[in-house]
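Just below is one structure, and these are the notes that go with it.
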There are 2 protein chains.
Amino acid sequence: MFSVSARTQYAIRAMSCLATRQDRSATSAELAQAESIPPKYLEGIMSNLTARGLIESERGKNGGYRMAKDPAAITMLEIVEAVDGKIKPVTCVDAAGACALGGNCHPRKFWVGLKQTIDAYLAESTLKDVSEG
Amino acid sequence: MFSVSARTQYAIRAMSCLATRQDRSATSAELAQAESIPPKYLEGIMSNLTARGLIESERGKNGGYRMAKDPAAITMLEIVEAVDGKIKPVTCVDAAGACALGGNCHPRKFWVGLKQTIDAYLAESTLKDVSEG
DNA sequence: CTATATTCCTATCTGGATAGTAGGAATATA
DNA sequence: TATATTCCTACTATCCAGATAGGAATATAG
Ligand code: FES
Ligand code: FES
C-alpha cells in the first residue's frame with residue numbers, strides 16, 4: 001500500500017542523475033544505462049518530463065536532454081505529477097461524486113488530509129535535496 | 001499513485017460504522033449491508049482487525065463484533081497495518097538491501113522520509129476523529 | 001544525400017497483485 | 001437439532017503497471 005510506481009522511481013533517479021552531470025545533459029540511453037532502467041520505458045518517461053517543462057529535449061544526432069531549471073527549483077511533486085498525474089488516495093478526493101458513496105462518507109475528510117500531507121512533503125523536497133541524498 | 005486499497009477503505013468504513021453504533025457492536029453482515037461492502041470479503045477483513053486486537057469477536061448465534069477499545073485510542077495506522085501490513089513506498093525502505101540498487105541510491109532517504117510523514121499522519125488520526133468526519 | 005543518432009508516437013503484450021467468490025469447518029445459542 | 005455466526009482455505013476473475021516493438025519525425029555530419 002502507498003507504494004511508489006516504478007515510473008516515478010525511474011523518473012526521480014533519471015532526473016537526479018541528469019542533475020548531477022557536468023553540463024546537466026545526457027541522452028535517454030545514457031541515463032537508462034547509468035540507472036539500470038529499461039531504455040524504451042524510460043523514453044516515455046522522459047517525454048513526460050519534457051512536456052512538463054522540467055527538462056528540455058533536442059532531437060536528432062547529438063541530441064538528448066538537459067535541465068531546464070536549477071535543481072533547487074524543481075520539486076518532487078512536479079516530477080511525480082508529470083509522470084503519474086496528481087496523486088489520488090481515493091477516487092473521490094477532489095471530485096466529491098467520484099465514488100460509489102457519492103462523496104458522503106465521514107472518512108473522506110481524512111483522505112483529503114492525507115493527500116495534502118503527502119503533497120506538502122513532495123512539494124518541499126527539491127531535486128537538489130534528493131540528488132544529494 | 002499512492003492509492004488506498006479497497007481493503008483499507010472497507011476496514012475504515014466498517015470500523016467507523018461499528019464505533020458509532022449504540023453498544024458498539026454488530027455482525028459482519030450488518031456492517032457489510034450498512035456500508036455497501038461485499039459481505040464475504042469483509043469477513044476476512046474483520047478477522048484481521050480481530051487478530052490485531054482492535055475489536056473482539058464472538059462466534060455462533062448472537063455472535064458478532066464489538067469495539068475492544070475506545071475509538072479515540074485507535075489510530076488509522078493500526079487499522080491500515082492490520083489489514084494491509086506496514087506501508088512500504090519502496091521495497092527497500094526498511095531493509096536497505098531489498099532493491100536492485102542494494103540500498104545505495106541517493107533518493108532513498110527521501111522515500112524513508114515519505115514513509116515517516118505518512119505514518120505520522122495516520123498515527124495522529126484516531127478512529128474517533130475519522131468517524132465524526 | 002545518405003547514413004546515423006536521437007526523440008517522439010502508438011500499439012500491443014504480459015505477469016502479478018488486488019478484489020471478489022465459494023464452500024464449508026468450528027462454535028455458540030436456544 | 002436447527003440456526004446463526006465467525007473463521008479458514010482455496011480458487012477465480014479482473015485490471016493495470018510495466019515492459020516491449022516498430023517505426024515516424026528530426027537533426028547532424030560527412
Ligand atoms: S470514499 Fe468517496 S465518499 Fe467516502
Ligand atoms: S530504491 Fe532502494 S536504494 Fe534507491
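Throughout, a chain's letter reflects where its sequence line sits, starting with A, and its residues are numbered from 1.
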> Under 4.0 Å: is that the gap between some side-chain N or O of B:Ser5 and OP1 or OP2 of C:dT18?
Replying inline: no
> Counting side-chain heavy atoms from CB outward, which of D:dA19, C:dG20, D:dT5 is closest to A:Pro38?
Replying inline: D:dA19
> How long is the line joining CD1 of B:Ile45 and C1' of D:dT6, in whole Å?
Replying inline: 15 Å
> Does a nitrogen or oxygen in the side chain of A:Tyr65 sit under 4.0 Å from OP1 or OP2 of C:dT6?
Replying inline: no
> Are B:Ser57 and D:dC7 close enough that a side-chain N or O sits under 4.0 Å from OP1 or OP2?
Replying inline: yes
>> Nearest whole Å is fine: how far is C:dT18 C1' from B:Asp84 CG?
In response: 10 Å
>> Is it the case that the side chain of B:Glu56 and the backbone of B:Tyr65 share a donor-acceptor pair, with hydrogens and angles ignored and the cut-off at 3.5 Å?
In response: no
>> For A:Ser28 and A:Met1, find the nucleotide of DNA chain C closest to each by heavy atoms; which residue's nucleotide sits nearer the 5' end?
In response: A:Ser28
> B:Lys61 has a side chain; which of D:dT6, C:dT7, C:dA28 sits nearest to it?
Replying inline: C:dA28
>> Between P on C:dC9 and CE on A:Met46, what's the gap in Å once rounded to a whole number?
In response: 14 Å
> So, does the side chain of A:Lys40 form a donor-acceptor pair with the base of D:dG18 at under 3.5 Å?
Replying inline: no
>> I need the OH-C1' distance between A:Tyr10 and D:dA19, as an integer number of Å.
In response: 9 Å
> Hey, would you say the A:Tyr121 and B:Phe110 ring centroids sit under 6.0 Å apart?
Replying inline: yes
> A:Gly44 near the nucleic acid: base, sugar-phosphate alone, or nothing, with a heavy-atom cut-off under 4.0 Å?
Replying inline: nothing
> Of B:Glu58 and A:Thr27, whose nearest nucleotide on DNA chain C comes first from the 5' end?
Replying inline: A:Thr27
> In whole angstroms, how far is the P atom of D:dG22 from the CD atom of A:Glu43?
Replying inline: 14 Å
>> So that I can tick it off, tell me whether B:Lys69 and B:Glu78 are bridged by a salt bridge, with the cut-off set at under 4.0 angstrom between side-chain N and carboxylate O.
In response: yes
>> By nearest heavy atom, map A:Tyr41 and A:Arg59 onto DNA chain D; which one lands nearer the 5' end?
In response: A:Tyr41
> For B:Ser47 and D:dC7, is the shortest distance between a side-chain N/O and OP1 or OP2 below 4.0 Å?
Replying inline: yes
> Are there more than 12 heavy atoms of other residues, nucleotides or ligands under 6.0 Å from atom CD of B:Gln33?
Replying inline: no
> When the distance from CD of B:Glu30 to P of D:dA4 is rounded to whole Å, what number comes out?
Replying inline: 13 Å
> Is NZ or CZ of B:Arg7 both nearer than 6.0 Å to the six-membered ring centre of B:Tyr41 and within 45° of the ring axis?
Replying inline: yes
> If pairing requires Watson-Crick or G-U wobble contacts with both distances under 3.5 Å, which nucleotide is the partner of D:dA2?
Replying inline: C:dT29
> Does any N or O in the side chain of B:Thr20 come within less than 3.5 Å of the main-chain N or O of B:Cys17, such that one atom is a donor and the other an acceptor?
Replying inline: yes
> Rounded to whole angstrom units, what separation is found between the CD1 atom of B:Ile37 and the C1' atom of C:dT21?
Replying inline: 16 Å
> Roughly, in whole Å, what's the span from CZ in B:Arg13 to P in C:dA19?
Replying inline: 13 Å
>> Quick check on DNA chain D: between B:Asn62 and B:Thr50, whose nearest nucleotide comes earlier from the 5' end?
In response: B:Asn62
